[in-house]
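Below: one structure, written as structure tokens.
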Protein chains: 2
Amino acid sequence: MPATMSDVARAAGVSVMTVSNVLTGRKRVGENTRRRVLAAVDDLGYELNLTARHLRAGRTDTIVLVAPRFDHPYFGELAARLSKRLERTGRHLVVEQSGASREGELEALSLARLHLYDGVLLSVVGMTPDDVERLRTTVPVVLLGEQDMPDRFDQVRMDNVEGARLATAHLLATGSRRVAAVGGSTSGRGMTFVRTLGWRRAHEEAGLPADDALVLPAGQSDLADGREAVRRLVREGTSFDGVFAFTDTLATGVLAGLAEAGLRVPDDVQVVGFDNLDASEFLVPGLTTVDPGHDEMADHALRLLDRLIDPSPGAGAGTAVEPERVTGPVSLVLRGTTRPAP
Amino acid sequence: MPATMSDVARAAGVSVMTVSNVLTGRKRVGENTRRRVLAAVDDLGYELNLTARHLRAGRTDTIVLVAPRFDHPYFGELAARLSKRLERTGRHLVVEQSGASREGELEALSLARLHLYDGVLLSVVGMTPDDVERLRTTVPVVLLGEQDMPDRFDQVRMDNVEGARLATAHLLATGSRRVAAVGGSTSGRGMTFVRTLGWRRAHEEAGLPADDALVLPAGQSDLADGREAVRRLVREGTSFDGVFAFTDTLATGVLAGLAEAGLRVPDDVQVVGFDNLDASEFLVPGLTTVDPGHDEMADHALRLLDRLIDPSPGAGAGTAVEPERVTGPVSLVLRGTTRPAP
DNA sequence: CCACGCTGGTTTATCGATACACCGGAGCCC
DNA sequence: GGGCTCCGGTGTATCGATAAACCAGCGTGG
């Protein structure tokens with residue numbers, strides 16, 4: 001049995017409350033008793049039980065990032081950014097997995113779990129607005145990275161349409177005429193659909209036709225899916241001279257597929273990704289990609305969350321905070337998978 | 001204020017205990033009362049407070065993986081594997097960050113936090129045995145991925161020496177004579193040192209000299225460090241025709257550096273990594289790398305942890321479990337960054 | 001001389017859920 | 001008919017820490 005605070009109290013000959021005070025420093029304690037308590041703590045190898053503190057205090061100083069999957073580099077990088085910011089205020093970040101796009105989605109990570117944290121950053125990739133609508137909870141929640149979710153929630157989104165438009169427009173401007181949209185989808189309302197919209201819009205603006213045969217959906221395994229997309233284009237003889245991959249991970253797979261097919265990048269086929277992962281700069285050739293403003297998104301997300309956690313210092317209760325939608329600034333990062341602008 | 005269980009009880013006209021029983025299904029409850037309770041739950045939007053349950057039950061059904069950093073793909077993949085296994089037994093995985101190799105190391109993630117979980121999988125990359133020795137806790141802990149830690153703990157390790165030896169031996173067997181060890185170190189006892197040992201051993205076995213000038217340390221940013229290592233070799237005119245990079249991430253940086261320097265892979269320089277990340281197969285050319293037996297490691301880690309969590313069904317108390325050290329099987333995965341064996 | 005404030009502590013109630021003991025009645029076996 | 005289990009419940013103590021109220025002793029100023 002681990003030692004409890006009252007064990008320490010008994011050993012030190014003081015009350016539990018005094019032990020608590022020594023440990024938290026919340027009240028002054030005489031130097032003598034202080035030392036006795038600390039000695040007892042050391043002696044018994046006592047460790048604070050945070051669970052009990054949480055129950056009593058109703059606060060955990062911990063934020064959770066709920067990502068669709070653990071093994072997706074994008075969320076790893078996001079978590080790192082968030083964690084760094086939270087450390088400044090003495091808080092912690094933990095990451096949980098929702099197992100996106102499966103039946104159980106949020107169910108798997110039962111609603112009750114969210115109560116274990118002061119706030120929730122919920123990535124809603126692969127969830128429908130309906131899924132989110134069902135999410136009735138009193139825990140502060142900020143949604144990340146999607147579009148058109150119920151406006152009951154704060155949301156931090158990428159500018160998906162504009163990012164996709166930028167990427168595609170650049171491909172068209174540098175000479176590509178048949179740009180595949182890898183990871184795209186012609187229906188639904190999720191990220192895949194919205195970026196497909198941007199792809200289409202770029203074509204319109206350039207006065208060029210967008211061929212739906214070039215929209216290739218992706219599945220669960222981005223890397224393999226990217227490669228498979230290229231294989232399929234080649235196999236079916238669909239001509240293409242550019243690829244807009246909807247994530248950098250897909251793009252990595254696409255590059256592998258192109259190499260396999262003996263197609264040169266960027267000479268035969270240009271490629272643009274989306275996310276600007278750390279690794280993308282180091283691919284060979286370096287991946288041209290859309291940078292979704294990582295830092296701004298992290299800043300916004302935490303600002304919105306803090307607004308909900310802190311019961312608004314000025315306003316009284318009942319003053320519901322008006323949900324906000326923020327969109328990060330996108331920009332195109334030019335590297336070796338595209339040709340220089342003419 | 002969120003509704004509590006006793007609110008529900010009052011609304012349904014039953015005792016709290018009955019509500020609890022309905023919700024957990026731990027005892028039989030009449031169909032009528034059951035329905036009344038569920039109606040009340042729905043009505044009040046009641047959500048179970050897991051914190052309270054944890055305090056009472058002394059169990060959280062949650063395991064934590066403590067990784068040095070969130071944005072390291074290796075741990076993302078590991079987390080995914082662990083999570084999948086834990087789901088089978090109805091448990092959860094959460095990931096926390098230790099911020100390895102900083103002052104605070106585990107301090108940052110205060111010992112008390114570990115008590116929030118039923119068990120801890122602690123990656124000790126970048127920690128010294130002393131750091132770990134200081135780790136006095138009653139929570140079940142299994143150490144991951146290192147060597148020569150205090151044998152008070154269970155440990156699941158990669159066969160670092162053998163993996164490094166394999167990698168280097170293959171480079172030597174396929175014609176490389178000057179093999180750089182990127183991420184290596186000629187002192188200490190951590191992973192970097194041990195893999196350097198394997199690198200050295202392969203040279204000995206082949207009767208070839210191992211030049212310490214080819215051992216290049218890495219810092220915090222593996223990708224950039226890998227590239228920088230190549231830049232440095234080129235800048236300083238150190239001749240080399242092979243690279244053993246101590247992680248696949250470093251290898252990715254190395255490949256970028258080689259491309260930048262106009263060196264062809266594998267014709268001018270062969271490259272081998274370590275980790276067999278998902279992405280490594282999709283680099284161009286595909287990265288030859290050491291596979292550390294991911295699945296076996298995950299299996300072992302959880303087996304050892306469960307052994308500690310479950311107070312050994314057979315033996316009585318006081319029967320201390322003998323700490324175990326398991327080493328995963330390593331194997332070499334051959335891809336395009338090395339030449340075919342002669 | 002007494003009210004007053006400070007210091008260093010103790011006592012008590014509480015956070016929300018759950019283990020456990022227990023209850024009256026019904027059914028059943030030997 | 002005594003002893004047993006099963007049924008659908010209820011009351012109470014408890015998990016460990018902490019906020020808030022309270023208290024004894026002492027110095028001080030008016």
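Naming: A, B, ... by sequence-line order, numbering from 1 per chain.
- Between A:E133 and A:R152, at least one side-chain nitrogen of the basic residue sits less than 4.0 Å from a carboxylate oxygen of the acidic one, meeting the salt-bridge criterion.
- Comparing C:dG9, C:dT18, D:dG16 against the side chain of A:N49 picks out D:dG16 as the nearest.
- Here the C1' atom of nucleotide D:dG16 and the CG atom of A:L23 are 13 Å apart, to the nearest Å.
- Between A:R28 and the phosphate of C:dT7, there is no side-chain N or O to OP1/OP2 separation shorter than 4.0 Å.
- Residue A:D7 contributes atom CG, which lies 8 Å from atom P of D:dG16 at whole-angstrom precision.
- D:dT14 atom P lies 20 Å from atom CE of A:M5, rounded to whole Å.
- Each of D:dA20, D:dG11, C:dG8 was ranked by its minimum atom distance to the side chain of A:M17; first place goes to D:dA20.
- For B:T24, the listed nucleotide lying nearest its side chain is C:dT18; candidates were D:dG9, D:dA17, C:dT18.
- Distance CG (A:L55) to C1' (D:dC15): 9 Å, rounded to an integer number of Å.
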task = Apply side chain to side chain contact (heavy atoms under 4.5 Å, CB included) to the pair A:R91 and A:L302, showing each step before the final yes or no.
result = CA-CA 12 Å; A:R91 292 182 290 177; A:L302 292 182; 5.8 Å; no
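- Under a 4.0 Å N-O distance rule, the pair B:R85/B:D295 qualifies as a salt bridge.
- Atom P of nucleotide D:dG9 and atom CG of B:N32 are separated by 8 Å, given to the nearest angstrom.
- With respect to A:E324 and A:R303, a salt bridge is recorded, a charged nitrogen being found less than 4.0 Å from a carboxylate O.
- The CZ atom of B:R53 sits 13 Å away from the C1' atom of C:dA19 (whole-angstrom rounding).
- Counting non-hydrogen atoms under 4.0 angstrom, A:T4 reaches the backbone sugars and phosphates but no base.
- Between D:dC15 and A:T51, no contact under 4.0 Å exists linking OP1 or OP2 to a side-chain N or O.
- Look at B:R26 and you'll find a side-chain N or O under 4.0 angstrom from OP1 or OP2 of C:dA19.
- Picking from C:dG16, C:dG8, D:dA17 the nucleotide with the shortest atom distance to the side chain of B:R56 gives C:dG16.
- Here D:dT10 presents its C1' atom at 16 Å from CZ of B:R10, a figure rounded to the nearest Å.
- Evaluation of atom-type donor-acceptor distances gives no pair under 3.5 Å for the side chain of A:K27 against the base of C:dG8.
- Between A:S15 and C:dG9 there is no side-chain N or O to OP1 or OP2 distance below 4.0 Å.
- Distance, A:N21 CG to C:dG8 P: 12 Å, rounded to whole Å.
- Put simply, B:S6 has no side-chain N or O that comes within less than 4.0 Å of OP1 or OP2 on C:dA17.
- Residues A:D71 and B:R81 are not paired through a salt bridge, judged by the lack of any N-O separation under 4.0 Å between the basic side chain and the carboxylate.
- When heavy atoms are screened at a 4.0 angstrom cut-off, A:V14 is found touching the sugar-phosphate backbone but no base atom.
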